[in-house]
Protein chains: 2
Amino acid sequence: MDTQKIIRDSYPSSEKVYVPGKLFPIRVGMRKINLTDTVTIENGKRVHTPNAPVYVYDTSGPYTDPMVEVDINRGLPRLRESWIADRGDVEQLDDITSQYGRARRDDPALESIRFKHTPLPYKAKPGHSITQMYYARQGIITAEMEYVAIRENLMNEQLGIKSHITPEFVRDEVAAGRAIIPANINHPEAEPMIIGRNFLVKLNTNIGNSALSSGIEEEVDKAVWSCHWGGDTLMDLSTGDHIHETREWIIRNCPVPMGTVPIYQALEKVNGKVEDLTWEIYRDTLIEQCEQGVDYFTIHAGVLKAHADLVGERLTGIVSRGGSIMTKWCVIHNQESFLYTHFDEICEILKQYDVAISLGDGMRPGSIHDANDRSQFLELDVLGELTEKAWAHDVQVIIEGPGHIPMHKIKENMDRQLSSCHGAPFYTLGPLTTDIAPGYDHITSAIGAAQIAWLGTAMICYVTPKEHLGLPDREDVRNGVIAYKIAAHAADLAKGFPGAQVRDDAMSKARYEFRWKDQFNLALDPDRALEYYKQGSFHDG
Amino acid sequence: MDTQKIIRDSYPSSEKVYVPGKLFPIRVGMRKINLTDTVTIENGKRVHTPNAPVYVYDTSGPYTDPMVEVDINRGLPRLRESWIADRGDVEQLDDITSQYGRARRDDPALESIRFKHTPLPYKAKPGHSITQMYYARQGIITAEMEYVAIRENLMNEQLGIKSHITPEFVRDEVAAGRAIIPANINHPEAEPMIIGRNFLVKLNTNIGNSALSSGIEEEVDKAVWSCHWGGDTLMDLSTGDHIHETREWIIRNCPVPMGTVPIYQALEKVNGKVEDLTWEIYRDTLIEQCEQGVDYFTIHAGVLKAHADLVGERLTGIVSRGGSIMTKWCVIHNQESFLYTHFDEICEILKQYDVAISLGDGMRPGSIHDANDRSQFLELDVLGELTEKAWAHDVQVIIEGPGHIPMHKIKENMDRQLSSCHGAPFYTLGPLTTDIAPGYDHITSAIGAAQIAWLGTAMICYVTPKEHLGLPDREDVRNGVIAYKIAAHAADLAKGFPGAQVRDDAMSKARYEFRWKDQFNLALDPDRALEYYKQGSFHDG
């Protein structure tokens, strides 16, 4: 693979800095934006007053560190490998466990597209629990917990800003299930991050080729690109022939946690025939992906056979692909969903790798008309029941939410999610606040995302301008990420998150003092700001 | 002037329809979107079921009516001229009143850029009140009131949707000052529209050349363009040499009410020297513009001398240009603002033409840091006092609001505005919910605009992607308008406005049935939706 296209540019006037841990020998990456001086004229002389640099949350990983040599053919440095090994409760396997995974590995036809440096997977030693939730409940602070505590605080202590976020606080939130640290032991390349409503709001980006479209190289590029602009996690929704290989390339080069929807791949394995799906195929898919390093799985285990009957009340039926697949399976077989009946076994598998569950909302509304309807909230109650089951296994859980919701119905979603799902973090797609603006759904949904995040949603899944119309290209990804960075940040401000306003204040001071370069450099998208500035003369109106 | 560039395209599958009045011989323009049939297979046969057309609010005026011949050199048809004449309380003047206006008219050097068909202005007959508020308070329903009542209801009665909006309701809201119908008797080309929190949320667009930039032709084009995409009113913020002539061209060709900030032109008349501004120059400017047909004036009469001292508390000082001019004037002359001291005379002038006042927020915060501060709310109290003064003259009033506000401080703005300003309609710029995204401020502000409109703001002033960076071009205007159409519509849905969901439901049904053309045609921006669809294969993920 060619690494020419992969974005490695640093942001202008920014540098990668590392903040050392106090409890663990860790180095937490951040981006430091250096500012120019304020210049005033006093007694006829130019007086320079320095402006403090601004530290910002950095999701771009080693790509923006000029000291790190990146080769996507070898993958990123394995940041967490020693931390995991040091805990002494995992073992490296002699072989991969999944039958499908072995078959792919042994297929000579795949030689040309295979990632060459896949290490053998790790797994919990028999009898050991290794999830971040398990440790937290034991009162243990892990290196990952300290990492996220430092990361969330962005050096604000230097500015005298008090923060509630300490390693102990992180531990308590993870123990209570109010936050998760998605951190598969087989994805040690990823930087630890935390998803919970008492932390910075996070955003997820979706990428994924389809049978028709892009190749592996393009997907890796898009993954790095989305992290560059600010994606906190990444879901790979690929379909088509080379899901397994594409995923391997992405994970090995991905500095953020990655999620998937395993039922998509399971369906590919039975050539798209829903009726042929079985628990065994699904189970092998889970193991295959656990051992590759996927950090969280969307599992639509809340879609029950009984829900199928309710769909007739809707204008737009079931729009979740996973929900649609499982409903169809239940109807064809006249059986309860195997995701539901085998949920404990799913947890048993996931806990051995510390893979988190993102409980899918198969009944999410696909239109303003269907928002907050019976199907949606009945499923939510089932998700609450499953949350408690997962927690019994120390498996970390987040809950997926809609979708399409008019503004006045957003709060009910958040309230119900909190009460039905016992405080597990909420993770919503938008929501879109109107249906009438295809081509601009990054905006219809950023409006909803900002509000639901303010109300307590921990992570928002981006929507690009191409939603409902086509697959996003690079520019769409950038526009989607920035719209969601805005929504997330607006929510952080509204929540009064410690230090959230530092960057706004620095920007506003630069604006007031006409320090143009600093305005560009402090912007979420410096390139765009500069481009627009160059296009038109400034207008003071 | 060349009319080639002016957009006259109809929206695809749409037609201009006119709904007749019951009380007056009026015809209310709307856009009717025709849909294709739903096709199902029953017993092996294709069965066609028609879908009802969707009527949408149409701000594009005669431009999208192929039956109307448009010539911008002659101006639009004078829709309201006979309505006004029929009331018998206005007279056409023998000459224009403003000294400056006469000087411009008589200057042979301006011959080449002068609009040739300017009619002589109308004015109230001595002793007559002619404002919509006056009529409403007398219990009179005007043709304008019936027009807006029909316009707001969009034929929803046909669908069995009940609406509170009747001509009587319109009258009552205008009488109470909760809504205004900006309708200068000298701008009879504009279609009546209403601004009030119990009506559809409206959006304003700003255009305007600067000394450096665009010419008259371009400004007329931009005005029509912004109406085409959905601008409900238009503010001309032009500066430079030919403000008077540019304005004349725009008004004569503008199908929506137009606003200005007269202090901008007054300042041009004294060559930008704030110290040289006088009440007399300002007064002549008001009369000049009243007689040209400006429908509402932004007047920063709430900026008082005492406010100047408070600005030191701020990070970004005074960002309103009008506020800055008046503060400077007060400090230089050590006098109270002439806009404040002469406010009754201002009302006396405006009432003779039915020009509404938009009380400017000269102290609006220019950053998250300064939101909801003392200066802002002290000024708001003054605006409340001035509102009552204007109402004593039967002058219609709206109140301008910020600006930059983090989400959690938005509600306080709305609550305080309602209580301080006695229920007069609120008209806000955004607000922007964060400062850190130059290049994307149509999004940072659409998030705030949707929320404040839901809470009761009657009109939102758009922000384009170029905000803080440069003058908007055509594409920026389009992006700004659509972002604000989204915000306004999301608010209409959240407010439960009668029939607001009709278009969403039609779109969602088309989506569910894969009627692609209907999806494009129902979209706020059909061209963009189609363009994106063509760019990428559809993804069902």
Side-chain angles (χ1 to χ4, degrees), chain A residues 208 210 212-213 237 315-317 321 367-369 406-408 433-440 443-444 446-447 450-451 454 465-466 468-471 473 482-483 486-487 489-490 493-494 501 503-505 507-509 511-512 519 522-525 528-529 532-533 535-541, chain B residues 208 210 212-213 237 315-317 321 367-369 406-408 433-440 443-444 446-447 450-451 454 465-466 468-471 473 482-483 486-487 489-490 493-494 501 503-505 507-509 511-512 519 522-525 528-529 532-533 535-541:
Chain A
S210 71
L212 299 166
S213 70
L237 306 180
L315 182 63
T316 48
R321 186 160 175 244
S367 57
I368 293 297
H369 181 278
M407 286 193 287
H408 63 300
T433 52
T434 165
D435 301 337
I436 67 171
Y440 298 84
I443 300 178
T444 66
I447 290 170
Q451 285 180 45
W454 172 23
K466 291 264 172 64
H468 297 119
L469 297 168
L471 280 173
D473 61 18
I482 299 292
I486 290 168
H489 183 69
L493 287 174
Q501 205 179 302
R503 191 174 182 178
D504 293 80
D505 290 352
M507 173 71 82
S508 295
K509 187 163 184 282
R511 199 167 267 162
Y512 190 62
Q519 292 178 54
L522 284 162
L524 284 180
D525 184 343
R528 183 86 75 208
Y532 284 176
Y533 178 78
Q535 273 176 25
S537 60
F538 181 72
H539 173 54
D540 65 349
Chain B
S210 70
L212 299 167
S213 72
L237 305 180
L315 182 62
T316 48
R321 188 160 173 245
S367 57
I368 293 296
H369 181 277
M407 287 193 288
H408 63 299
T433 53
T434 165
D435 302 338
I436 67 171
Y440 298 84
I443 300 178
T444 66
I447 289 170
Q451 286 180 44
W454 172 24
K466 290 265 172 64
H468 297 118
L469 298 168
L471 280 173
D473 62 18
I482 299 292
I486 290 168
H489 184 70
L493 287 174
Q501 205 180 299
R503 190 173 182 178
D504 293 80
D505 290 352
M507 173 70 82
S508 294
K509 187 164 185 281
R511 198 167 266 159
Y512 190 62
Q519 292 179 54
L522 284 163
L524 284 181
D525 185 344
R528 182 86 77 209
Y532 284 177
Y533 177 78
Q535 272 176 25
S537 60
F538 183 71
H539 174 54
D540 66 350

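By convention in this document, chain letters (A, B, ...) are assigned in the order of the sequence lines, proteins followed by strands, and residues within each chain are numbered from 1.
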Would Tyr440(B) and Asp525(A) count as a side chain to side chain contact (heavy atoms under 4.5 Å, CB included) if you check the C-alpha gap in whole Å, the side-chain angles of each, and the deciding distance to 0.1 Å?
CA-CA 9 Å; Tyr440(B) 298 84; Asp525(A) 184 343; 2.6 Å; yes

As a quick check of understanding, evaluate side chain to side chain contact (heavy atoms under 4.5 Å, CB included) for Ile486(A) and Thr434(B), giving each step before the final call.
CA-CA 7 Å; Ile486(A) 290 168; Thr434(B) 165; 4.2 Å; yes

Using the rule given for side chain to side chain contact (heavy atoms under 4.5 Å, CB included), can you reason through His468(A) versus Tyr532(B), listing the C-alpha separation, both sets of side-chain angles and the distance that settles it, and then say yes or no?
CA-CA 10 Å; His468(A) 297 119; Tyr532(B) 284 177; over 6 Å; no

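The shortest distance between side-chain heavy atoms of His369(A) and Asp504(B) does not fall below 4.5 Å. You'll find the side chain of Leu493(B) stays beyond 4.5 Å of the side chain of Met407(A), heavy atoms only.
If you measure heavy-atom distances from Ile482(B) to chain A, the contacts under 4.5 Å come from the side chain alone. Proximity to chain A is limited to the side chain of Met507(B), based on heavy atoms less than 4.5 angstrom apart.
The shortest non-hydrogen separation linking Asp435(B) to Arg511(A) is O-NH2, 3.6 Å. For the residue pair Ser508(A) and Leu315(B), the shortest heavy atom distance occurs at CB-CD2, 3.7 Å. The two residues Trp454(B) and His408(A) make their nearest non-hydrogen contact at CZ2-CA, 3.5 Å.
Heavy-atom pairs under 4.5 Å with chain A peak, among Ala450(B), Ala494(B), Pro465(B), at Ala494(B). With respect to chain A, the highest number of heavy-atom pairs below 4.5 Å among Pro438(B), Ala483(B), Pro406(B) belongs to Pro438(B). Interface summary for chain A: among Ala487(B), Ala437(B), Gly439(B), the most heavy-atom pairs under 4.5 angstrom belong to Gly439(B). Between chain B and the options Asp505(A), Thr433(A), Leu524(A), Ile436(A), the largest number of non-hydrogen pairs under 4.5 Å is found for Ile436(A).
Within the model, atoms CD of Gln519(B) and CG of Leu469(A) stand 7.5 Å from one another, a figure rounded to the nearest 0.5 Å.
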